Amino acid sequence: MTEPRPSSTLCCLRPTEPDGFEVLMVQRSPGARFMASTWVFPGGAVDDIDRLGDNAGLLTGAADGDDVPWMLAALRELVEEVGIWLTPQPFGEPDRRQGAAVYERLRREGLVFDGAALGYFANWITPTLVPVRFDARFYAAVVPGGVDPHPDGREIAAATWITPSEALVTSSMVVPLPTQEILRHLASFSSAEDLVAHARRLDSVEPIQPKLHVDPEGDLEILMPGDAGFDEVDETRAPDEGALRSAVRRAEGRGVKLPEMPR
């Protein structure tokens, strides 16, 4: 079983008139190794550079020191993927940097990332049967008006502001299951401010880890905590490779997006 890699995702929210809000979604490049062409939120893996103690001082508003690398990763990836710098102070001419260069520019400009704007509200862990796994924390933040994304053209092919409800029904957008569930959660709030305030009030966030199961008919089931049969699935006993490959092909024939699964 592959250990899940820590990662962070940032749901950038933009209030709309007369009410409601939009969320920033990005389309991963068709050539991406993981989740190619799918529509997700900006984010990526927590890297060693995000864990350096010297960089912790470049973040405001972290309630818990353990959160710092995750929050920094979310804000760094936002810069790398779409060129948005979320800082509490006015920023100079935005540009795109990578890795350590993101933190170097903050120091040079005398700025910090606005961690106080972030609310941590969800934690999804990839099922054990998936070869590429992530332990992903989801944050939400209301971004200033006039902020526009500029996809890097390498990892990210396109970006758009869209309401969560619209994203769920737009047939041209391939949206993975965890992202769908997050969109449904976002859509349950009437305003961006309410959503972030809710996230900040949470005392803890319960991890959500779906399970994959090949049923007796050879169909691949994605079971969520609370679903019938979830507790009975023993993930330490994976189906044989042939059965799993067949189930994956059948699932994809029904339009289910299963990145990085054996085919």
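All values below come from the heavy atoms of this structure, side chains included, with hydrogens, waters and symmetry mates left out. Just so it is clear, the model here is predicted, and its values are computed rather than measured. All residue numbers in this chain count up from 1 along the given sequence.
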Does the side chain of F138 come within less than 4.5 Å of L10's, by heavy atoms? no

Under a 4.5 Å cut-off applied to non-hydrogen side-chain atoms, are V40 and R28 in contact? yes

Distance-only, no hydrogens or angles: does the T163 side chain make a donor-acceptor pair with backbone N or O of E22 under 3.5 Å? no

Mutual orientation of the aromatic rings belonging to Y103 and F113 [parallel < 30°, tilted 30-60°, perpendicular > 60°]: perpendicular

Polar side-chain atom of Q27 near backbone of A158 as donor-acceptor pair, under 3.5 Å: no

With F41, which of V26, I182, L24 fulfils side chain to side chain contact (heavy atoms under 4.5 Å, CB included)? I182

What's the separation between atom CG in L111 and atom OG1 in T60, rounded to the nearest 0.5 Å? 11.5 Å

Which atoms form the tightest heavy-atom contact between A141 and L86, and what is the distance? CB-CD2, 4.0 Å

Is the backbone of F230 close enough, under 3.5 Å, to the side chain of D227 for a donor and an acceptor to pair up by distance? no

E181/R184 salt bridge by N-O under 4.0 Å criterion: yes

Could you check whether E80 pairs with R76 (Lys NZ or Arg NE/NH1/NH2 to Asp/Glu carboxylate O, under 4.0 Å)? yes

For E81 and P42, the nearest pair of non-hydrogen atoms, with its separation, is OE1-CA, 3.3 Å

Quick one: does R133's side chain have a donor or acceptor within less than 3.5 Å of a partner on T126's backbone? yes

So, the side chain of D19 versus the backbone of S190: is there a donor-acceptor pair under 3.5 Å, distance only? no

Drop me the distance from T160's OG1 to M173's CE, to the nearest 0.5 angstrom. 6.5 Å

I'd like to know if D47 pairs up with R5 as an ion pair, taking the criterion as any Lys NZ or Arg NE/NH1/NH2 lying under 4.0 Å from an Asp or Glu carboxylate oxygen. yes

Within the structure provided, determine whether W161 and C12 are in side-chain contact (heavy-atom separation under 4.5 Å). yes

Would you say the side chain of L195 lies within less than 4.5 Å of the side chain of L13, judging by non-hydrogen atoms? yes

Test the R105-W85 pair against the cation-pi criterion, namely NZ or CZ under 6.0 angstrom from the six-membered ring centroid and within 45° of the ring axis. yes

Quick check: closest heavy atoms across F134 and S7, and the distance to 0.1 Å? CB-OG, 3.6 Å

Sub-6.0 Å ring centroid separation between F121 and H198: no

Considering only heavy atoms from C-beta outward, does the side chain of S29 approach that of R154 to under 4.5 Å? no

Closest contact, heavy atoms only, D67 versus R137: OD1-NH1, 2.9 Å

Give a yes or no on whether the backbone of S172 and the side-chain of T170 come within a donor-acceptor separation of less than 3.5 Å. no

Out of curiosity, D135 CG to I125 CD1, how far, rounded to the nearest 0.5 Å? 4.5 Å

Rounded to the nearest 0.5 angstrom, the CG-CG distance for L106 and N55 is 8.5 Å

Does the side chain of W70 come within less than 4.5 Å of N123's, by heavy atoms? no

Please give me the minimum heavy-atom distance between S8 and M71, naming the atom from each residue. OG-N, 4.5 Å

Any chance you could measure Y120, atom OH, to S204, atom OG, to the nearest 0.5 Å? 9.0 Å

Between L183 and P164, what is the shortest heavy-atom contact and its length? O-CB, 3.5 Å

Rounded distance [0.5 Å steps], CG in D50 versus CG in L75: 9.5 Å

D54 versus R107: any side-chain heavy-atom pair under 4.5 Å? yes

If we only count heavy atoms from C-beta on, is the P210 to M224 side-chain gap below 4.5 Å? yes

